Chemist: 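The structure follows.
If you're wondering where the values come from, they're calculated on a predicted model, not measured in any experiment. Values reported hereafter were calculated over all heavy atoms of this structure, with side chains retained and with hydrogens, waters and symmetry mates removed. Naming: A, B, ... by sequence-line order, numbering from 1 per chain.
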Amino acid sequence: SSDGNPHDEL
Amino acid sequence: MNIFRLTGDLSHLLAIIILLVKIWKTRSCAGISGKSQLLFALVYTTRYLDLVSTYISAYNTFMKLIFICASYATVYLIYMKFKATYDHNHDTFRVEFLILPSFVLSLLINHDFAVLEILWTFSIYLESVAILPQLFLVSKTGEAESITSHYLFALGSYRGLYLLNWIYRYYAESHYDLIAIVAGVVQTVLYCDFFYLYVTKVLKGKKLQLPA
């Protein structure tokens, strides 16, 4: 999903 | 980490290195839009503020630092060291038309109304259009050196490979980020015309020259 994730991409 | 994301990141890194080496070796930034490079420096600065708040991996931290440092080094070479060779007469794209709408949009459409999150969102929106001053410069002068074309190809490929990465992650990890995906599609589409010219001309050994 798109909620709560830290942005782990560059 | 999957193969699409890794090759995307490496393509991004390659683009940045190609540009730095080109400017350094030729002692000239002719044909390069300083405005696009300033926008990229702004993009990396606002996106990677999470370096101080969130640790993801050594790879992630290392790449972020490289992107920030390389973008500032590029801006320094263009606006300071090799300023005399900078093509400012042709680099006339109005960047406020990119920065302001990106910022307003990031206030309206974001995952969370928090400072770091809005700056991240702003950086995603701004990155999607940050190449426009460079493409505008190429269209104004009607041509680009081969090395500049290679730079643009590597930089454009990076977000295209990220699109594949997001498709992969959607199926493999049920992970998706609509803001990044929509902006990434826009970003990749902006390069399509250039990709066509690159494949039909530059790869066949011709200079990238636009029809008059």
Chemist: So what's closer than 4.5 Å to chain A heavy atoms on B:Y170: side chain, backbone, both or neither?
Modeler: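 No part of B:Y170 comes within 4.5 Å of chain A.
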Chemist: Given a strict heavy-atom distance threshold of 4.5 Å, which part of B:N165 is in contact with chain A: side chain, backbone, both, or neither?
Modeler: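 The side chain, not the backbone.
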Chemist: Using heavy-atom distances under 4.5 Å, tell me whether B:Y59 contacts chain A through its side chain, its backbone, both, or neither.
Modeler: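 Just the side chain, heavy atoms under 4.5 Å.
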Chemist: Below 4.5 Å from any heavy atom of chain A, which atoms of B:D9 appear? Answer side chain, backbone, both or neither.
Modeler: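 Side chain of B:D9 only, per the 4.5 Å heavy-atom cut-off to chain A.
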Chemist: Looking at B:Y44, is B:R47 sitting on its ring face, NZ or CZ under 6.0 Å from the six-membered ring centre and within 45 degrees of the normal?
Modeler: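 Judged by the rule, B:R47 and B:Y44 form no cation-pi pair.
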Chemist: So, do B:Y162 and B:F4 have ring centers that fall under 6.0 Å from each other?
Modeler: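 Here the rings of B:F4 and B:Y162 have centres that are no less than 6.0 Å from each other.
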Chemist: Who passes side-chain contact (heavy atoms from CB on, under 4.5 Å) against B:S149, sequence neighbours left out?
Modeler: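 side-chain contact (heavy atoms from CB on, under 4.5 Å) check on B:S149 returns B:A144, B:F194, B:Y198, B:V202, B:L208.
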Chemist: Below 4.0 angstrom, N of the basic side chain to O of the carboxylate: do A:D8 and B:R169 qualify?
Modeler: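 Looking at A:D8 and B:R169, the cut-off is met.
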